[in-house]
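We count ligands from 1, going down the list as the structure has it; atoms in each ligand are counted the same way.
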Amino acid sequence: MGRWKMILLIVGIFLLIFAIVTVSRTFMTESRQPEPMKTEVTIDEDKAIRHFSEALTFKTISYQDRNAFDYPEFERFIDFLEDTYPAVHQQLEVERVNDYALIYKWSGSESGKKPIGLTSHYDVVPVLEGTEANWEQSPFSGTVIDGEIWGRGTLDDKIGVIGILEAAEHLLEDGYAPKRDVYFMFGFDEEIGGDEGAAAIVDLLEERGVSFDFVLDEGGAIVENMVPGVEQPVGVVGVSEKGSATAELTISGSGGHSSQPKDHTNIGRVASAIAKLENTQFNADLRGPGETLFEFAAPEMSFGMRYVFANKFIFEPIIESILLKQPATAALIRTTIAPTVFQAGEQYNALPEQATAIINLRVMPGESLEDVKKFIEETIDDDEISVSVSGSEATSVSSTDSWQFQTIQQAARNVYSDAVMVPYLMFAGSDAKHYDRIADNTYRFLPVLITSEDLTRMHGTNEHVSIDNYLNAIAFYMEVMKESDRK
Ligand SMILES: [Zn+2]
């Protein structure tokens with residue numbers, strides 16, 4: 001055999017082994033989706049829709065200034081809940097925290113199991129002044145028309161509060177009794193951070209030694225055409241929340257007349273520091289919730305995509321470079337840097353005495369605010385620029401390989417049978433971060449099938465939800481309670 005033939009043969013054998021290994025790995029990926037189970041839900045739909053519609057008429061609006069809250073309206077909303085859900089209010093223990101936050105405890109028949117918690121909030125963001133006329137239906141009308149329910153809070157997040165209470169009222173009417181304790185916890189100030197609502201609820205429960213198997217809050221939803229290669233709708237369940245850091249870069253001193261500047265003024269120094277940060281960027285790495293997202297999604301993908309993800313050990317650099325191309329997917333695999341404020345200079349012919357830049361960073365789970373500060377200082381490499389970092393750390397990462405996560409998956413698939421349920425990393429905050437302290441797992445998922453337009457409507461104009469989504473949400477909350485009792 002000639003030398004070249006020999007080389008070709010070796011290369012050929014190598015390629016064959018490579019193909020066998022990678023293709024068989026692709027075929028070995030097993031679906032991580034539980035089989036949907038048929039559910040029989042017979043609720044009085046008209047009545048349930050009327051309840052939701054009325055709940056939307058209360059102007060339980062959160063303002064940054066707590067003094068601007070219309071508290072009597074919050075009181076009326078609580079009265080409305082009492083009138084609307086008599087069985088819940090008779091058979092569950094109801095407690096008010098800081099007057100307007102609500103805890104409902106449904107005692108289970110078996111002791112020895114940890115409780116589960118379902119949480120949402122009934123405050124809503126204001127309707128921006130001047131945009132009221134842009135609403136097709138008035139934002140606090142609760143109008144039901146053409147299969148849609150309209151109003152502020154239909155998605156964020158009265159659908160959670162009403163969905164949970166409808167589910168409980170119906171289960172009680174059916175004579176259902178949970179085995180484990182179930183808590184419903186409703187905040188009234190989530191939109192401004194939840195300090196008086198969710199945080200106070202958590203303080204109280206922590207004092208009493210309550211600890212949850214899992215707490216379910218709003219967060220992800222079921223979306224279409226978001227995960228490349230997956231044809232079915234994908235339900236994303238937030239299993240962690242990125243941290244939010246505010247870094248302030250300041251330099252001061254050496255003003256003077258602009259006719260004799262040094263090579264770099266204070267503006268130039270800080271601008272160059274920002275340029276360095278943007279050019280360097282934090283390390284991107286497909287790990288944590290971003291990685292598990294694809295582990296759950298890959299088995300449902302077309303062959304090509306499944307091949308790539310099943311052989312991540314080879315293709316990881318390629319996957320990462322693809323994810324980095326879009327801001328939404330880049331944010332999944334690295335700490336992001338967004339310079340948002342720059343202040344310097346007073347007058348066109350005077351050198352700026354001081355320059356300050358503020359950068360908002362969203363921090364990956366596993367990295368800390370301290371790491372962020374160190375990264376900035378090392379990258380800008382300028383001792384005269386002082387760096388301070390404040391904000392909130394990323395939350396812990398909840399399990400995905402557990403009955404708790406499977407419960408969320410199963411409940412969602414019992415209602416949305418074709419939804420592929422995957423874990424996900426949240427970039428924005430919700431009340432769930434407070435529950436991190438007293439829950440083994442915190443999941444963030446709103447059981448509705450939404451479009452990217454719906455997302456912009458959440459805090460914007462024309463927020464609405466379909467009747468089907470609303471009824472599915474009620475069914476989902478019933479399933480979550482029943483499913484977790486089987487574990
Ligand atoms: Zn919300």
Side-chain angles (χ1 to χ4, degrees), residues 52 55-56 58-64 66 69 73-74 77 81 97-98 100-103 117-128 139-140 142 149-165 184-202 215-223 235-242 244 362 392 395 408 424-436 439 442-465 469-470 473-474 476-477 480:
F52 191 25
L56 296 164
F58 295 90
K59 295 183 176 172
T60 48
I61 301 169
S62 263
Y63 298 97
Q64 288 303 326
R66 284 187 189 271
F69 275 55
E73 188 74 349
F74 286 68
F77 182 78
L81 294 182
V97 183
N98 278 337
Y100 305 105
L102 301 169
I103 304 177
L118 307 180
T119 178
S120 15
H121 62 91
Y122 67 94
D123 60 313
V124 296
V125 292
V127 172
L128 215 62
F140 293 97
I149 306 167
W150 288 74
R152 178 61 88 221
T154 43
L155 289 168
D156 187 10
D157 179 26
K158 280 181 177 159
I159 189 171
V161 177
I162 300 301
I164 290 165
L165 290 175
F184 308 141
M185 298 161 292
F186 301 137
F188 69 99
D189 63 346
E190 188 273 346
E191 298 293 356
I192 57 164
D195 288 342
E196 303 263 304
I201 289 175
V202 171
V215 168
L216 174 66
D217 190 18
E218 63 175 337
I222 303 171
V223 288
V236 293
V237 181
V239 293
S240 179
E241 208 170 279
K242 280 180 119 176
S244 178
R362 299 300 166 105
S392 58
T395 66
I408 307 295
Y424 178 67
L425 175 63
M426 300 289 300
F427 310 149
S430 79
D431 275 345
K433 61 180 171 293
H434 299 296
Y435 289 95
D436 211 25
T442 46
Y443 299 120
R444 300 151 177 85
F445 175 66
L446 195 67
V448 290
L449 175 64
I450 60 171
T451 62
S452 51
E453 284 164 358
D454 290 323
L455 288 173
T456 63
R457 291 186 188 122
M458 272 196 187
H459 283 199
T461 301
N462 285 325
E463 186 177 347
H464 63 273
V465 72
N469 266 321
Y470 167 57
I474 299 170
F476 167 81
Y477 290 119
V480 169

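Looking only at atom types and distance, the side chain of Thr395 has a donor-acceptor partner in the side chain of Ser240 under 3.5 Å away.
Heavy-atom minimum distance, His434 versus Asp195: CE1-OD1, 3.9 Å.
With sequence neighbours excluded, no residue forms a side chain to side chain donor-acceptor pair (under 3.5 Å) with Asp431. For Phe184, the ring pair (Phe, Tyr, Trp, His ring centres under 6.0 Å) test picks out no residue, with sequence neighbours left out. Among residues two or more places apart in sequence or in another chain, the ring pair (Phe, Tyr, Trp, His ring centres under 6.0 Å) test is passed with Tyr424 by none.
In this structure, Phe58 has its ring center no closer than 6.0 Å to that of Tyr122.
Protein contacts to the Zn ion (ligand 1) involving N, O or S atoms at a distance below 2.8 Å are His121 NE2, Asp156 OD1, Glu218 OE1, Glu218 OE2.
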